[in-house]
Amino acid sequence: MYQINALNGELLKHESAAFSGGFLGEVSPVFSETVVALDSTGLILLTVSFQNGMISFQQTPISNLVKDSFGPAKIIPSSVTGIFAIKMNAVTIVIRVTDENKLEVVEKTNHETSISDALPISEGQQAFALVQRAGPEIHLRVKLAHNWDDNLLKESVKMDQHRGLVHKIYINNYIRTDKSYGFRALVVMEDHSLLLLQQGEIVWSREDGLASIIDVTTSELPVERDGVSVAKVEHNLFEWLKGHMLKLKGTLMLASPQDIAAIQSMRLKNSEKSKMTRDHNGFRKLLIVLTRAGKLFALHTGDGHIVWSYLLQSLQKSKVCQHPIGLNLYKWQVPHHHAMDENPSVLVIGKCGPSSDAPGALSFVDTYTGKELSSLSLVHSVAQVIPLPYTDSTEQRLHLLIDADKHAHLYPKTPEAISIFEREFSNIYWYSVEDDNGIIKGHALRGKCTGEVADEVCFDTRELWSIVFPSESEKIIATVTRKLNEVVHTQAKVIADQEVMYKYISRNLLFVATVALKGSGEIGSVTPEESWLVAYLIDTVTGRILHRVTHHGSQGPVHAVFSENWVVYHYFNLKAHRYETSVIEIYDQSRADNEDVWKLVLGKHNLTSPISLYSRPDVITKSQSYFFTHSVKTIAVTSTTKGITSKQLLIGTIGDQVLALDKRFLDPRRTVNPTQAEKEEGIIPLTDSLPIIPQ
């Protein structure tokens, strides 16, 4: 106990006392000189008093207060005078502390309860709120701290089930016209949404869970059908007449505020932007996002509105899983061609606890309806997820889940998936990156699992290769690979004088950036001599380093994007005190005898000869660096269906703007004085920095 002079911070008194039983969890202040705590077993309540400068303990076993008590308790934090609450399993017990520090139970309930902090409303009077979730409703009560039996306010509010339980409640008061007290309650729900409750209604709500998105994927909207039902025509006719009447009222200045709002909502509804069907260019999509609270949202890319939301039960706290964590989202089923009557679905992967060997949890959600199709509690952990480039007859993508013991588990667990997998068994490779240890490893499958974990969809793995970066001089700060679904239109690149260069195109290339150990801190925390940045291009099947370049006097953070045969990365140059962007392009020299464009036209080339990554690649690289005036949050590249359209880099700047930059500005073949042939090819004269117009 410390007693401090509030005016000058002088320590007036300091006392300490030891309690042999130890303490557990939160402490709840009940009076200015009394707090309540739990002992280390969670079965005994301790009332600690600080009267007359002395510390005294009073012990009360919970079994004396509640006859059928079981298991350790937990204090629900609040700061209401004379009252505190404890939770034992699913039971919430509210306890009053008398002036003589005696404890008495005033309420016992099976509903999850949240208690607000005390709110002074008049001289010596404090109000507080209790809120409980019961089915589709939440019950709100406001009471006086010294008078438990009477309610200042009692309300029930209908609440969407997908908001979960009430996490926290805050209240404030206002004086009604009849001079009585009215109360507003601000409620934080389990899905991190924020709601204001007043007079039994939800005044407004905000989806603040969208501020903590942990992963995102896209889903196609349904195709527009040609056939139209009679009922729909009649409905549309009625809507059309209603719309015209409203517009007429608006034109004649006779529209009420409600009519104006209806006209605006109709305009929004009828706009092409927010249609719930696919557009010709494929820009209208659903963004499926997973938030830290374990809630899944579908956002329309047209205007950003929430199409549906769903709180995943597999990522909610339960008896089985106390600390669920959402990890990733993957496309599970993308129907097209022969499976168009199926809806697309996503796979949500989570785990039960922060440890690496915590068991995993899978959830499959329909992206059109937001309904959970099924969920699985896994017996194994999930350390890495590998979406495979194979799908079954229903267009479900095969996924390989690697656990902490390096076993691989195949999903879906269907006979068809197993037969597809066994057919491609010898052709499946993957890599893992250990940032902290500075190690990259390559893996392949060995055979069916043996021992305790034996299962027909479980496979043993073997390590093929490893690259160990020297821990005293290099630290991995970024790894980037090509997108799995990227389409490359052609491998040939026709350059000046009708010559042909062949892009080295491999799905197994990995870009790795490392920095000096001292340079892994904030920008400017080291001198240029102490820091360097090294960029690698690594083949993940063989572990061969195809290219390595060092940027002396440079530092992270590194943002990179890999597409086709080139990688662009952004970092900070300490010597120049500016950001820099570099490009590396990699070309295949083994096809150099096909240099003549006429051989390509006439089909006299060896492009159809098979390629093996185990034959030593004959490659050359071209690279160039440019100053870049912005710091960057993220970097991506445009992609098209056939991969024909020229690429644009999409750069998310620190000012939350998106900058589209033509890839031609990042061509390593740019020179100060390009020849006439190079100009015709579209090569831009070289400048030391990239052109950016801030507007």
Side-chain angles (χ1 to χ4, degrees), residues 24-26 28 30 36-38 41-45 60-80 82-97 103-117 128-145 147-171 185 187-193 195 197 200 202 293-295 311-324 352 375 377:
L24 175 78
E26 302 263 357
S28 187
V30 285
V36 173
L38 283 163
T41 63
L43 300 172
I44 296 171
L45 282 165
T60 311
I62 296 172
S63 55
N64 291 5
L65 300 169
V66 186
K67 292 290 174 272
D68 52 352
S69 66
F70 49 90
K74 184 181 159 199
I75 287 180
I76 298 171
S78 72
S79 62
V80 183
I83 281 174
F84 70 98
I86 59 170
K87 191 180 166 194
M88 299 181 75
N89 288 346
V91 181
T92 304
I93 303 151
V94 184
I95 299 167
R96 179 162 48 199
V97 185
L103 306 182
E104 54 185 54
V105 174
V106 288
E107 186 174 281
K108 186 179 158 197
T109 174
N110 289 333
H111 297 303
E112 192 85 23
T113 305
S114 285
I115 300 176
S116 75
D117 285 344
F128 70 98
L130 289 103
V131 66
Q132 294 171 340
R133 177 101 209 211
E137 291 187 332
I138 60 170
H139 302 304
L140 172 68
R141 289 175 293 161
V142 179
K143 293 176 176 287
L144 286 171
N147 181 6
W148 177 265
D149 302 322
D150 297 330
N151 291 323
L152 289 174
L153 178 78
K154 190 174 182 181
E155 290 175 351
S156 290
V157 183
K158 281 215 172 342
M159 183 72 68
D160 184 0
Q161 286 280 31
H162 293 315
R163 293 196 185 279
L165 302 167
V166 180
H167 256 196
K168 275 199 166 84
I169 176 167
Y170 307 89
I171 56 168
V187 175
V188 182
M189 302 300 286
E190 193 175 8
D191 67 344
H192 294 183
S193 59
L195 302 100
L197 311 180
I202 298 171
K295 194 169 188 181
L311 191 67
L312 293 160
Q313 292 309 306
S314 57
L315 295 181
Q316 297 315 302
K317 204 171 171 182
S318 63
K319 284 181 186 175
V320 183
C321 182
Q322 285 297 308
H323 302 287
C352 188
S375 62
S377 292

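The analysis underlying the following values was restricted to heavy atoms, covering all of them including side chains, and did not include hydrogens, waters or symmetry mates.
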Residue pair [X] / [Y]: nearest heavy atoms and the distance that separates them:
X    : Y    : result
H167 : S114 : O-OG, 3.4 Å
L140 : A129 : CD1-CB, 4.1 Å
L311 : R163 : CD2-C, 4.1 Å
P136 : Q161 : N-NE2, 4.1 Å
S116 : V80  : O-CG2, 3.6 Å

**Request:** Examine distances only and state if a side-chain atom of S375 and a backbone atom of S314 form a donor-acceptor pair shorter than 3.5 Å.
**Result:** no
**Request:** Only counting residues at least two apart or in another chain, list the ones meeting ring-ring contact (aromatic ring centres under 6.0 Å, His included) with H162.
**Result:** Y310
Student check: side-chain heavy atoms of [X] and [Y] closer than 4.5 Å:
X    : Y    : value
I115 : F84  : no
M189 : M159 : yes
L45  : L38  : yes

**Asked** Among L130, D150, L152, which residue meets the side chain to side chain contact (heavy atoms under 4.5 Å, CB included) test with K143?
**Response** L130
**Asked** In chain order, what residues pass the salt bridge (charged side-chain N to carboxylate O under 4.0 Å, His left out) check against K154, with sequence neighbours excluded?
**Response** none
**Message:** As a quick check of understanding, evaluate side chain to side chain contact (heavy atoms under 4.5 Å, CB included) for H192 and K295, giving each step before the final call.
**Reply:** CA-CA 9 Å; H192 294 183; K295 194 169 188 181; over 6 Å; no
Sequence neighbours left out, what passes side chain to side chain donor-acceptor pair (under 3.5 Å) with [X]? Give chain and number order.
X    : answer
K108 : D68
N110 : none
K317 : none
T60  : none

**Prompt:** For L103 and V97, what are the C-alpha separation, side-chain angles and deciding distance, and is it a side chain to side chain contact (heavy atoms under 4.5 Å, CB included)?
**Reply:** CA-CA 5 Å; L103 306 182; V97 185; 3.7 Å; yes
**Request:** Evaluate side chain to side chain contact (heavy atoms under 4.5 Å, CB included) for I202 paired with L197, printing each intermediate quantity in order.
**Result:** CA-CA 5 Å; I202 298 171; L197 311 180; 3.7 Å; yes
**Request:** Output, in order, the C-alpha distance, side-chain angles, deciding distance and verdict of side chain to side chain contact (heavy atoms under 4.5 Å, CB included) for L65 and I95.
**Result:** CA-CA 9 Å; L65 300 169; I95 299 167; 3.9 Å; yes
**Spacing of D191 atom CG and L312 atom CG [to the nearest 0.5 Å]** =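 Spacing of CG (D191) from CG (L312) equals 11.5 Å.
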**Message:** Can you tell whether the side chains of K87 and E112 come within less than 4.0 Å, N to carboxylate O?
**Reply:** yes
